[in-house]
Amino acid sequence: MTDKIKKIALLGNPNAGKSSLFNQLTGLRQKVGNFPGVTVERKSGIAKLLNQQEVEIIDLPGTYSLYPTSLDERVALDALINLQNKDFPNAIIYILDVMHLERHLLLLTQIIDLKIPIIVALNMNDVATQQHIFCDEKKLSDALQLPCIKINGRNGEGVEKIKSAIVDIFETKTSQSGTLFYPLSASEKNIVQKTQSFYNAKNEYHALLLVHHAKRSNFISTENKSQIAQQIQANAFDSLDAQLNEIMQRYEAFTPIVRMVLQKSFSNSKTITDRIDAIVTNKYIGPFIFFGLMLFVFQAIFAWSSIPMDWIDGQFAALASYIQNGLQENTFSKLLVEGIIPGISGILVFVPQIAILFLLISLLEEVGYMSRAVYMFDNIMQKFGLNGRSIVSLISGGACAIPAIMSTRTISNQKERLITIMVTPFISCSARIPVFAVLIGFVMPSYKIGIFNSQGLVFMALYLIGIMAALIAAYAFKKILKSNDVSYLMLELPEYKKPHWRNVFYTVYGKLNSFIFGAGKIIFFVSIVLWFLASFGPKHKMEEAINVATIESSMMQYDKATTELHIAAKKLEASYAGIAGKFIEPIIQPLGFDWKIGIALITSFAAREVFVGTISTLYSIGKDADNLTIKQKLQQEKNATGKPVFTMAVALSLVLFYLFAMQCISTLATVRRETNSLKWPLIQFVYMSGTAYLVSLIVFQIFK
Amino acid sequence: MNITRNITVLRIGEQAQIVDFANNLVARKLMAMGLLPGSSITLVRSAPFGGAFYIKSEHHYIALRKEEAKQVLISND
């Protein structure tokens, strides 16, 4: 035995119960990442066997057969036929749902023919038991000549047996069945023999799969690819016909087994799923139920998370002031108090929103509801290049784009997922509200229109503009982006079942983990940089700013607090951020923005709501001032020619800028992580902020 | 037996038997999902905004887009 850790792949059809078994086997010792080169989620974890040996469990994407139709399925296939693939398993645990024994045997017989050691896990799902469907695992084991073990994903029954079966496979090296389920046809045999003469395939069926998939398999050399292509041509081999023929023959081979091992009393009576779906997917009621649920999700992330978020904010603020009082004021203590602590706080503050969203989403996914949403909204969303699941992301984006973008992982079509990621930040998130709230007074005076408040209507208009922008952008991306995947909808709607709380817990845990240690790192780094830019400047300039501010304050006979505010404003002006604000002034002037707004645009990259804080500092408004005070102060601001700075045109331009611009480094960091590339966050930044610039430019030039 | 009929012509609640598939790619996917020639299916309902069908075969529920549903050829049994 080599000392390299053995790899065991979990394989099965979608909805067979793979994730339950994965969680039972690995517990918290799991990692979420990507399969190399693609953004398909790769979950792996360590399982400790009974003899203390450790094995790596890899959760392969669910697939119906070794003839993939999506990128997810292709990833699973590659792991099984590419001998150089790091995930090529030493053994496979095949999960089979008794409820759907027949069609789940198709993939199983394919991997049996590949001759990778297999343990069959029979998932006795709750629905099967309720419907009196029973499976004789001894008979099945004899027929397949494989170890077959009953498991229960809910209570962990059978998991220990699986572990000891793994030990058996590696120790006794029991040679598994030699009989093939699918004897190759004459023409297949011919091609396979030729292929084996130049390619070192494991066995006949492996070679046959290589022939079928050569064109789309990157691990096969160009030379071998053309050799295989030649063989296909020489034998007039129709790959797709051969695949269909193989699938039919496999069904014929294992249908007798199903009849032998399965006891079912199939009745035409309505099942629970029938009854639920009659309402939930009803043509007229279904959409209302969906939007009701979505309203609940939105409300939950919006309202429930505010208490823990405020608490986290408060705890870190208290910690900062505690340290500030305890430490001498120097650069280090400032870095700690104004840079590091707010940086960490700025990451952790997202935790409640992410946790609540994924709690609800994974619940909906667990019970089987999500695929119904896809079915109901497929037609509408298709028009915009999106998926039914995209609606969940778009609505969650109303609270925060970060959990919303993370939730796109469940969209299996890569193009639809990418488009959802690209457009979700257009939806007005909660961080835009403070900015809108301060500026809206300049855009629209408050008065009543019927039962509505005029400013409330503007708020609503801003949300609607955001939604429209997202849909228009999605449509544009749909036209621009090319996709290799054929667009189709052949979707299994799984039976409704009670959620496995363990699975929900691990989903939430995994998402938080990958956010904090993935995107969190970038957010932390950027917030330190932004703090540095706003706190430091060229030394002489900073000193000069302090002197000037002190002299001005004493001339104006300011009290102590006002003097401090005045100094802070002058220091920020002299800082690197101030210099940058002045530097970009010529660029943003056509939008009606001066250098002070420029500084706020830069600092609010940390988070949009920072805009309010920066503006308060620049205009020497105390930290605790409410919106009304800020508004009054801003109204008094005059520029060099004596005209007010914050006119209606400037405020409108600024509001629209914040509505469209990609002003959030945390979102960009999340997009970078979720797309596994720098390209997409860059494109997103350019196209969103470009739109913002254009819209603000046009609006300001019209209204000024 | 009229085999030019496909799923899209079924009435809600109507049952039929799959005879063949007009498209091999659709055939491969649906067969792997357990819908074979000979399988009995019922059209349960159509989607709220059109475009998709909800079909049932024994205790197996599948959503199909109109384009795919057209490829599934049926005869009444």
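Here is the naming used below: chain letters follow the sequence lines, and residue numbers restart at 1 for every chain.
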Applying side chain to side chain contact (heavy atoms under 4.5 Å, CB included) to D97(A) and not counting sequence neighbours gives M99(A), H100(A), H104(A), N125(A)
Which portion of R372(A) sits near chain B, non-hydrogen atoms under 4.5 angstrom: side chain
In terms of heavy-atom pairs under 4.5 Å, which option from L244(A), L493(A), T273(A) contacts chain B the most? L493(A)
Interface moiety of T281(A) toward chain B, non-hydrogen atoms closer than 4.5 Å: both
Could you look at Y54(B) and say if it's the side chain, the backbone, both or neither that has a heavy atom under 4.5 Å from chain A? both
Contacting region of Y251(A) [heavy-atom separation from chain B under 4.5 Å]: side chain
So that I can tick it off, tell me whether E58(B) and R103(A) are bridged by a salt bridge, with the cut-off set at under 4.0 angstrom between side-chain N and carboxylate O. no
Would you indicate whether I272(A), at its atom CD1, is surrounded by more than 12 heavy atoms from other residues, nucleotides or ligands within a distance under 6.0 Å? no
With only heavy atoms counted, which part of P68(A) is less than 4.5 Å from chain B, the side chain, the backbone, both or neither? backbone
Are F291(A) and F377(A) an aromatic pair, judged by ring center distance below 6.0 Å? yes
At a 4.5 Å cut-off on heavy atoms, which part of L106(A) comes close to chain B: side chain, backbone, both, or neither? side chain
At a heavy-atom separation under 4.5 Å, does Q243(A) approach chain B through its side chain, its backbone, both, or neither? side chain
Any cation-pi pair here, R250(A) with Y205(A), using under 6.0 Å and within 45°? yes
If you count heavy-atom pairs under 4.5 Å between each of D277(A), I285(A), T271(A) and chain B, which one has the most? D277(A)
Contacts of N387(A) meeting side chain to side chain contact (heavy atoms under 4.5 Å, CB included) (sequence neighbours excluded), chain-then-number -> V374(A), R389(A), S390(A), I411(A), E416(A)
What part of E67(B) gets closer than 4.5 Å to chain A, counting heavy atoms only: side chain, backbone, both or neither? neither
Of all of A69(B), A27(B), P37(B), G50(B), which one pairs up most often with chain A through heavy atoms under 4.5 Å apart? G50(B)
Side chain, backbone, both or neither: which part of E73(A) has a non-hydrogen atom closer than 4.5 Å to chain B? side chain
Can a salt bridge be assigned to the pair K29(B) and E68(B) using a cut-off of 4.0 Å between side-chain N and carboxylate O? no
Quick one: what part of L64(B) sits under 4.5 Å from any heavy atom of chain A, side chain, backbone, both or neither? both
Sole residue of I7(B), L10(B), T42(B) in side-chain contact (heavy atoms from CB on, under 4.5 Å) with I55(B): I7(B)
Counting only heavy atoms not in F288(A), do more than 12 fall under 6.0 Å of its CZ? no
At a 4.5 Å cut-off on heavy atoms, which part of V44(B) comes close to chain A: side chain, backbone, both, or neither? neither
